[in-house]
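The block underneath contains the structure these notes are about, expressed in structure tokens.
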Amino acid sequence: MAAYDYAVDFRQRTRALDATATAGDLRRTFCLPTPERGLDGAAVIGELISAAEPGLVATTNPNFFAWVMGGSDTTGVAADWLTSIWGQNAGIFQTSPAAAIAEEAVSDWILDLLDLPRNSSVGLVTGATMAGFVGLAAARGEVLARAGHDIAQQGLQAAPLIHIFLGEDAHATNFAALRYLGFGEANFIRIPSDDQGLMQTDRLYDAMAARRGPKIVIATAGHINSGGFDDFVALGQLCRAHDAWLHVDGAFGLWARVLPEKAHLTKALDQADSWSVDGHKWLQIPYDSGFSIVRHETAHRRAMDITADYLNRAPGDGRNPTEFNPELSRRARGFAAWAVIRSLGREGVIETVRRHCHCAAELQNRLAAVPTVAIRNRVDLNQVVLRVDECDHATCMLADRLNAEFSTFVRTTVWHGETVLRISAIEKDTDLTTIAHLADNIQHLAGERTSALGQCRIAPPQR
Ligand SMILES: Cc1ncc(COP(=O)(O)O)c(C=O)c1O
């Protein structure tokens, strides 16, 4: 009850958007000597709240624009609590039939919502990083099998060289997933990207033509900065011509599939072989939630299967979730995903994605009137990348002052060698009102003149 009361209050209360405690402060409260004696549960929860709250970031606040992250929908949180109360292990069907069948349901819904091939297999994983890992593991086994190499029998060491093509500006987690799978720099062919961070298709064409042997191409649907999409029509044709596996990193951008007005961005995206997408970003499913979608179920199972007699399914059983995941014992992720999708419905998913795209477009429109602000991306989705006064320092100052003075949480990043402010409209309650305030505040600060010397005119925040 104490946790419930606190939870309700926490979600309603106005609090700082960024953590107020330093790492040192948090260590002082968390890093106690190893407890020799246990403590009453209610007291522990009280201690946990006091220790954690100063170090929490307001991911659930509509003015949170700093990273591309969702804000844990409350229906999903309720289902997540039940998941822990039920204490299920969703490794195999028999350890939790309900969890397994919830995952079957969610898989079908995901394929239907995203309009991807309905007989694809879906693994409920921790996020897009692991979804990429699973999809690329399936890719690795399949392109090697087509080259006559059985990875399960022969492993990777004697395998033919696999050429892996991905944009030089691809999300860092793709490179990480490839490393987990035994690949390194010598296997990557980094394709130069355009000013939106997307692969230059003609360069990919040349790079693929110059190489023989098994090939995997990793494309982006929703670039981490620009929100842009690779050209899937061209990529699909190229991959078919080379018998290459096409994997799509669509951590948030894949959800553009639900909007008919964005069909030009996602055209032919369904021709790919595997897709990774998050649940905990645009869908606001509580962390962690991601989906690894693979067109070829056999390749998916080949990559992830864990076999032991005691794990076998009996006739009539539902799926063993572990056949599609890199884990055996695991959280019953299907319950929260099921609850969020059930509560949003297709209409709710469409409304959320559309609203955030409108927010980004509106911000772009409003800032077009501010001469000191330059928008650095093509605003097709929910992302706006901007820079002030063509100056790294001024852009940092803008971010600092937005955070310090206007109950906003933004962050800068470096893109193409420049400091930029990347605004991501993705938190569940962010709407046009929130965006109007943000636009007003940027306009106000970017119009401020504190120096007659031209550049870097935004003064630092008063601390
Ligand atoms: C394009 C893209 N791919 C992959 C990821 C990694 O996703 P996750 O943090 O859910 O593992 C992100 C995260 O922002 C992303 O934007």
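This chain uses plain numbering: 1 for the first residue, then up along the sequence. Values below: every heavy atom of this structure, side chains too, minus hydrogens, waters and symmetry copies. Note that ligands are numbered from 1 as they come in the structure, with each ligand's atoms numbered from 1 the same way.
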Does [X] [atom1] have over 12 foreign heavy atoms under 6.0 Å away?
X	atom1	answer
E261	CD	yes
R27	CZ	no
H416	NE2	yes

**Study point:** Nitrogen or oxygen of A251 less than 3.5 angstrom from that of ligand 1
**Key:**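 By distance alone, the answer is no.
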
Any atoms of ligand 1 less than 4.0 Å from a non-hydrogen atom of [X]? List them with their elements.
X	result
G222	1 (C)
I224	14 (O), 16 (O)
F252	16 (O)

Practice item. Classify the contact between H280 and ligand 1 as side chain, backbone, both or neither, using a heavy-atom distance cut-off of under 4.0 Å. Key: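 For H280, the contact with ligand 1 is made by the side chain alone.
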
Practice item. Check T129 against ligand 1 and report side chain, backbone, both or neither, counting heavy atoms closer than 4.0 Å. Key: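 T129 to ligand 1: contacts from backbone and side chain alike.
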
Check your understanding: Would you call K281 a ligand 1 contact, heavy-atom distance under 4.0 Å?
Key ->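 Distance cut 4.0 Å: K281 passes for ligand 1.
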
Exercise for review: Please state whether H223 comes within less than 4.0 angstrom of ligand 1, counting heavy atoms only.
Suggested key: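 Distance cut 4.0 Å: H223 fails for ligand 1.
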
Can you tell me if [X] and [Y] form a side-chain donor-acceptor pair at under 3.5 Å?
X	Y	value
S407	N63	no
W282	H356	yes
Q237	Y205	no

